[in-house]
> 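Please find one structure pasted underneath; my questions will follow.
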Amino acid sequence: MPALSLALDSRELARHYDRVSAERQFKAGQRLVAGLRLRPGERVLDVGSGTGRLAEHVAGLVGPSGAVLAIDPLPFRVEIANAKARPNLSFRVGDAYDLGSLADASFDAIYLNAVFHWLPEKLQPLREFLRLLRPGGRLGISTGSKDHPNRIQLIRRRVLERPRYVAFPEARAGAPLRVNASELQALLQQVGFELEQMEVLANTNHHANADAAIAFSEASSFGNFLGHLPEPLRAEAREEIRRELEAIKTPRGIHQEGGRLLAIALKPSYA
C-alpha cells in the first residue's frame, strides 16, 4: 500500500482536530495513560502527540520533577501544541521512525494514542520503544481494532472500490492500517515486550450530520481521508460518502460504533 502523505495537513485541519479531539481522542487517551500508572518524577515519551492535549495532561501527572517529551510529524499540530509547553513538557517535530537521537533506557513510559494504526511498518518502532524504555518500563497503545471498523470506514472503502476511483489505488493509503488483538499481541511479543493488558473497548462516535463526520475524518487523518484523489474526483467521492452517511442519519445524528484496542506491555526487568 502506498505510504500516507504528511503533506496534506493544513492549519485549518490541525485547528479542527484540536477542537474535536478534546471530546474523542483525549478521553480515550486518559483511559490509556491511567493504565500506565504514571508517578511523579517519571520520564514519558508521547509518540504522535497531535496538538498536545494528552501530553499536557500527562505532564500534570508526572509533576515538575518529571518530564514529558511529545513528538509528532505534523508541523501545524506541533505549532498548536507548543502553546501548552512548560518546563516539564516539550514538543518537537519527529516520528516513530526517527528516534535514534534519544538515549537507551531514558523513559519510564511511552504511549501512542490513536497513532499505531497510522504506522505502515510496525516492528521497527516497537523495537525502538523497547530500547528507549528502562527495564520494567511500560508501553501503552490505544488504536482502532481491525475487527471492528466503524460505518464511515466501511462506506469510504465501498465508495473507493467503485470504477471511477479504483484507478487511483493510492487513495486507499488514507485508510488506517489496523491490527486486531492477536496481531498486536504477536507484534509486541516478537520484539520482546511482555503483555500485561489487552482489551477491546467500544469506540462510539456521534456526529451531527454527514459533513461533520467527514470533517472529523479529514482532520484525524491529516488530510488523507480523500486527499490522494485528484480533483474533481475528490469532490465526487466526498459527495457519495456524504449521501450514504445521510442515509443512516437518525434524529440524534450519525451514530458510529467501532472497536478500540488498549494494550499495556512491559519491558522485561532483566532486559
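Heavy-atom basis, side chains included; hydrogens, waters and symmetry copies ignored.
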> Please check this pair: side chain of N203 against backbone of G258, looking for a donor-acceptor N/O pair closer than 3.5 Å.
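A pair under 3.5 Å: no.
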
> Only counting residues at least two apart or in another chain, list the ones meeting ring-ring contact (aromatic ring centres under 6.0 Å, His included) with H16.
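ring-ring contact (aromatic ring centres under 6.0 Å, His included) list for H16, sorted by chain: empty.
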
> Within a strict 4.5 Å, meaning less than it, do heavy atoms of the Q197 and L262 side chains meet?
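When only atoms from C-beta onward are counted, L262 and Q197 do touch, with a gap below 4.5 Å.
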
> Measuring from R11:CZ to I80:CD1, what's the distance to the nearest 0.5 Å?
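Nearest 0.5 Å value for the CZ-CD1 distance: 9.0 Å.
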
> Looking at every non-hydrogen atom in both residues, tell me the closest pair between A59 and N88 and how far apart they are.
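A59 and N88 have their closest heavy atoms at O-ND2, 3.0 Å.
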
> Hey, does the Lys NZ or Arg CZ of K122 hover above the aromatic six-ring of F116, less than 6.0 Å from the centre and inside 45° of the axis?
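Yes, K122 lies over the aromatic ring of F116.
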
> Just by distance, do the side chain of S49 and the backbone of I71 share a donor-acceptor pair under 3.5 Å?
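Present.
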
> For the CG atom of L112 and the CG atom of L139, what is their distance to the nearest 0.5 Å?
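Between L112 CG and L139 CG, I get 6.5 Å after rounding to 0.5 Å.
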
> Looking at E128 and R131, is there a salt bridge between them, counting it only when a charged N and a carboxylate O are closer than 4.0 Å?
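E128 and R131: salt-bridged.
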
> If Ile, Leu, Val, Met, Phe, Trp and Tyr residues are connected whenever their side-chain heavy atoms lie under 4.5 Å apart, and connections chain through other members, are M198 and L32 in the same group?
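No; L32 is not reachable from M198 via cluster members.
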
> Does R178 use its side chain to pair, donor to acceptor, with the backbone of H117 at less than 3.5 Å?
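Answer holds: no.
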
> Rounded to the nearest 0.5 Å, what separation is found between the CG atom of L195 and the CG atom of L184?
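Output value for this atom pair is 7.5 Å.
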
> Less than 4.0 Å between a side-chain N and a carboxylate O, is that true for D108 and R43?
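Looking at D108 together with R43, the answer is no, because their closest N to O distance does not fall below 4.0 Å.
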
> How far apart are the closest heavy atoms of I254 and L245, and which atoms are they?
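Shortest heavy-atom contact: CD1-O, 3.6 Å.
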
> Just wondering, do L119 and Y97 contact through their side chains at under 4.5 Å, heavy atoms?
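Heavy-atom side-chain distance check passes, below 4.5 Å.
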
> Determine yes or no for a side-chain-to-main-chain donor-acceptor pair under 3.5 angstrom, with R234 supplying the side chain and G227 the backbone.
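Pair found, side chain donor or acceptor close to backbone of G227.
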
> Less than 4.5 Å apart, any side-chain heavy atom of F129 and any of V47?
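Side chain of F129 against side chain of V47, heavy atoms only: contact under 4.5 Å found.
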
> Can you tell me if Y111 uses its side chain to pair, donor with acceptor, with the backbone of G29 under 3.5 Å?
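No, Y111 side chain to G29 backbone: no donor-acceptor pair under 3.5 Å.
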
> Out of the candidates R238, K249, R158, only one should pair with E244 under the salt bridge (charged side-chain N to carboxylate O under 4.0 Å, His left out) rule; please name it.
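So the option named by the test is R158.
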
> Between E239 and R243, does any side-chain N to carboxylate O distance fall below 4.0 Å?
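Yes, charged N to carboxylate O under 4.0 Å.
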
> Taking the side chain as everything from C-beta on, heavy atoms only, tell me whether L36 gets closer than 4.5 Å to V44.
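No, side chains not in contact.
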
> Taking the side chain as everything from C-beta on, heavy atoms only, tell me whether V68 gets closer than 4.5 Å to E56.
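No, too far: nothing below the 4.5 Å cut-off.
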
> Return the orientation label for the H57 and F26 ring planes: parallel under 30°, perpendicular over 60°, tilted otherwise.
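Perpendicular.
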
> Among E42, E194, E196, which residue satisfies the salt bridge (charged side-chain N to carboxylate O under 4.0 Å, His left out) criterion with R138?
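Of all the options given, the one that passes is E42.
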
> Who are the salt bridge (charged side-chain N to carboxylate O under 4.0 Å, His left out) partners of E183, not counting sequence neighbours?
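Expected list: K146.
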
> Could you verify whether a donor N or O on one side chain and an acceptor N or O on the other, from D147 and S145, lie under 3.5 Å apart?
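Note: D147 and S145 side chains miss the donor-acceptor criterion.
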
> Could you check whether any side-chain heavy atom of H255 comes within less than 4.5 Å of a side-chain heavy atom of T250, counting everything from C-beta outward?
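Side chain of H255 against side chain of T250, heavy atoms only: no contact under 4.5 Å found.
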
> Measure from the side-chain N and O atoms of R260 to the backbone N and O of S142, and report whether any donor-acceptor pair falls under 3.5 Å.
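Not a single qualifying donor-acceptor pair exists.
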
> Check whether any side-chain heavy atom of L187 lies under 4.5 Å from a side-chain heavy atom of I141, and answer yes or no.
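No, every pair of side-chain atoms sits at 4.5 Å or beyond.
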
> Less than 4.5 Å apart, any side-chain heavy atom of L233 and any of E236?
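Yes. Closest side-chain heavy atoms under 4.5 Å.
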
> Checking F216 now: which residues fulfil ring-ring contact (aromatic ring centres under 6.0 Å, His included) with it, not counting sequence neighbours?
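Partners of F216 by the ring-ring contact (aromatic ring centres under 6.0 Å, His included) criterion, ordered by chain and then number, come out as H207.
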
